[in-house]
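Letters go in sequence order (proteins before strands), and every chain restarts at 1. A quick note: this is a predicted structure, and the numbers were derived from the prediction, not measured.
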There are 2 protein chains.
Amino acid sequence: MIELRHLRYAVAVAEEGHITRAAARLGIQQPPLSQQIRALEAAIGAPLFRRQPRGVELTAAGRAFVGKARAILRDTELAVEAARRASRGQEGQLAIGFTSSAAFHPFVTGVMREMREHAPAIKLSLEEASTGELIEAVEADRLDAAFVRSPSERLDNLTITHLLDEEMLVALPDHHPRARRDPRRRISLSSLADEPLILYRRPTGPGLYDSIIAACRAAGFSPKVAQEATRMVSTLSLVAAGLGISIVPESMARLETAGVSYLRLDRAAGLVAPLALARKKAPAGGTLGRLLAIVTRRVKDRAGV
Amino acid sequence: MIELRHLRYAVAVAEEGHITRAAARLGIQQPPLSQQIRALEAAIGAPLFRRQPRGVELTAAGRAFVGKARAILRDTELAVEAARRASRGQEGQLAIGFTSSAAFHPFVTGVMREMREHAPAIKLSLEEASTGELIEAVEADRLDAAFVRSPSERLDNLTITHLLDEEMLVALPDHHPRARRDPRRRISLSSLADEPLILYRRPTGPGLYDSIIAACRAAGFSPKVAQEATRMVSTLSLVAAGLGISIVPESMARLETAGVSYLRLDRAAGLVAPLALARKKAPAGGTLGRLLAIVTRRVKDRAGV
DNA sequence: AATTTGCATATCTTTTGCATATGGATCGTC
DNA sequence: GACGATCCATATGCAAAAGATATGCAAATT
């Protein structure tokens, strides 16, 4: 029967290209390692290594196997970690993720503050990443839940709860002629057609990027994307530097960025930044249950107001 | 150290909900199984099962772990299979996949025939699936190579070689007024704007579906998709039944489907069905090398003619 | 209260993974 | 061309660990 030991040994031998050296690295002697490799090859029914006078070399079968073996060993580590985390979760630990654009939203910060106050014993660990990475982390049980934007792709595995829709604002340099207008008046999206646009796009996943492009298309023009930034804050820095304008969620406007003004958009633009909570579909007990209770109550309160 | 044995045992116990019954299923006695489960829990540092008077029940940690354990055990099986296949490949075995729309193409059938003739000792195993499924199978080493349509998504892992572009024909019922026209004259895509269209779409992946929609958009109209079929042949049956027209690769026209006529499209439509070969990026030796040699020679020959 | 059910503990047996010692093949060097 | 070095394979012994048997203990059923 094949065991993880065989995989660990095969990977070590493949990496060292030497049975003897691999044995040293594994902290065992050479003969037993030779034995185990032979046993593995017998179980598979195919040679994984070509024995050569100066070491060993992977066969085609070996390459195919060792690649997958590495993944299996990594997955095993992850499984152990996930179990540990789930167990700690029952006793008061919670790992939460945010997209960078959600981190400053008062809803999110409010929930976190309330968790701290009402259950100070629960250790919170926070992580910032893109929506795509967060979804992946929740699926892999590396996070208990994540605040994400645009629940675009439905995943059977996850429950994605829509929390609220946030208005999006136009960010433009202070010295821009439009920045002097009455700040209460709303402007139309199409009036920005000629402005160079700076957008925020993470390497993984679509997120808000596509919604903005789509809204511009709906407004009858194709935006001139002057630059793409990988972090939302750097988008604002580029705006301040006068390279163009941008469109960001309202909560980002709370960051006092010198040199940036904000304008409200016409409601007709239909441009909103949805905020959602993603979590595993499995029954949520323990600390995650506490978080969900707080979140759902706050969503209800908002609806009432 | 955690071994696959622990995972196998944990999965069995989780599925049976009983240590005793799981032991029977595993062909061992109850006490050693209890021991191994304990050892696993100790290694993880968290209990996976809640011992109850009438059996055992998964904890939250247990659920997280067992789910991943199942995947790991499956992956291990796949790794072994992949290694076996790779090994057999060296000695003369080759697993090839097709999309259903490529299976009848003379290029593909020609390559297969030549393989048979020049290397009859090589055992070919063929599989038909959608482009998406085939790509996945090649990535997972379940197939050595696959003839696919539209190499849309670039994958770091794979080499996708474009082989040729095939013309696409309009398929329409015999009794359709247009079917009586001179078969040599080409018709424009836009002249089909009002016809109900029957398209072929596999549940997974885009494939030709999107190219057709895109070409119609480019021609200035949005096609009326009357029906979608999951197999290309059933598309033709629906056409024969008079439910609408369709657009299929030229090689499909070789299937003599009673009641279906074909018309050539205007070149301006720019509607072609690309045929490509997908394979792992790894150095291709053995039987796969033979196949590649035949394929590249034939591509060159075509270019010459 | 008695019986059954099912996991845990204790002790013994057997398997097997690992160590030590040695043999054999190939390469480089004198 | 012989010699030593390098590296894998084979042989044998030992010790750790997986598994078997017997028994204990707790909760639920009757």
Side-chain angles (χ1 to χ4, degrees), chain A residues 1-59 61-63 65-66 69 72-73 76 80 87, chain B residues 1-59 61-63 65-66 69 72-73 76 80 87:
Chain A
M1 193 97 301
I2 295 177
E3 294 293 344
L4 287 179
R5 172 171 26 86
H6 295 115
L7 307 195
R8 286 188 272 261
Y9 289 1
V11 168
V13 172
E15 281 174 1
E16 296 289 339
H18 272 284
I19 293 187
T20 310
R21 242 181 281 163
R25 188 174 109 184
L26 291 166
I28 64 174
Q29 295 301 320
Q30 170 261 317
L33 181 55
S34 287
Q35 257 181 212
Q36 294 294 321
I37 294 292
R38 281 201 159 276
L40 175 61
E41 290 175 324
I44 292 176
L48 301 179
F49 299 95
R50 228 187 316 281
R51 274 71 170 174
Q52 280 175 334
R54 275 296 181 255
V56 296
E57 191 185 66
L58 278 169
T59 62
R63 262 191 303 280
F65 187 80
V66 168
I72 289 168
L73 293 171
T76 307
V80 171
S87 165
Chain B
M1 192 97 301
I2 295 178
E3 294 293 345
L4 287 179
R5 171 171 26 89
H6 296 115
L7 307 196
R8 285 188 272 263
Y9 289 0
V11 168
V13 171
E15 280 174 2
E16 297 289 338
H18 273 280
I19 294 187
T20 310
R21 245 182 279 163
R25 188 173 109 183
L26 292 166
I28 63 173
Q29 295 301 320
Q30 170 261 317
L33 181 54
S34 287
Q35 257 180 213
Q36 293 295 317
I37 294 292
R38 282 199 160 278
L40 175 60
E41 290 176 325
I44 292 176
L48 301 179
F49 299 95
R50 228 187 315 282
R51 273 69 169 174
Q52 279 175 333
R54 276 295 183 253
V56 296
E57 190 184 69
L58 278 169
T59 62
R63 261 190 302 281
F65 187 80
V66 168
I72 290 169
L73 293 171
T76 308
V80 171
S87 164

Ignoring hydrogens and angles, tell me if any N or O in the side chain of [X] forms a donor-acceptor pair with the backbone of [Y] under 3.5 Å.
{"X": "A:S87", "Y": "B:A61", "value": "no"}
{"X": "B:R51", "Y": "B:F49", "value": "yes"}
{"X": "A:E57", "Y": "A:R50", "value": "no"}
{"X": "B:Q30", "Y": "B:A23", "value": "no"}

In whole angstrom, what separates [X]'s [atom1] from [N]'s [atom2]?
{"X": "A:E16", "N": "D:dC8", "atom1": "CD", "atom2": "P", "value": "11 Å"}
{"X": "B:E57", "N": "C:dC7", "atom1": "CD", "atom2": "P", "value": "13 Å"}
{"X": "A:R54", "N": "D:dG4", "atom1": "CZ", "atom2": "P", "value": "16 Å"}
{"X": "A:L40", "N": "D:dA9", "atom1": "CG", "atom2": "P", "value": "13 Å"}
{"X": "B:Q36", "N": "D:dA18", "atom1": "CD", "atom2": "C1'", "value": "6 Å"}
{"X": "A:R5", "N": "C:dC18", "atom1": "CZ", "atom2": "P", "value": "6 Å"}
{"X": "B:I37", "N": "C:dT9", "atom1": "CD1", "atom2": "P", "value": "14 Å"}
{"X": "A:L33", "N": "C:dG17", "atom1": "CG", "atom2": "P", "value": "13 Å"}

Pair B:E3 + A:R8, salt bridge at N-O below 4.0 Å
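Answer for the salt bridge query: yes.
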
Between [options], spot the one nearest the side chain of [X], thanks.
{"X": "B:R21", "options": "C:dC7, C:dG6, D:dG19", "result": "C:dG6"}
{"X": "A:P31", "options": "D:dT21, C:dT20, C:dG6", "result": "C:dT20"}
{"X": "B:Q30", "options": "C:dA8, D:dA20, C:dG6", "result": "C:dA8"}
{"X": "A:P53", "options": "C:dA8, C:dG6, C:dT26", "result": "C:dT26"}
{"X": "B:I19", "options": "C:dT5, D:dA9, C:dA8", "result": "C:dA8"}
{"X": "A:T20", "options": "D:dC7, C:dC7, D:dG19", "result": "D:dC7"}

Does D:dC8 have its OP1 or OP2 closer than 4.0 Å to a side-chain nitrogen or oxygen of A:S34?
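Result: no.
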
Would you tell me if any nitrogen or oxygen in the side chain of B:R51 comes within less than 4.0 Å of OP1 or OP2 on C:dA8?
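Yes, B:R51 has a side-chain N/O under 4.0 Å of OP1/OP2 on C:dA8.
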
Could you pick out which residue, A:Q29 or B:P32, lies toward the 5' side of DNA chain C when each is mapped onto its nearest nucleotide?
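This one resolves to B:P32.
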
Within the structure shown, what part of the strands sits under 4.0 Å from B:F49 by heavy-atom distance: base, sugar-phosphate, or nothing?
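Touches nothing.
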
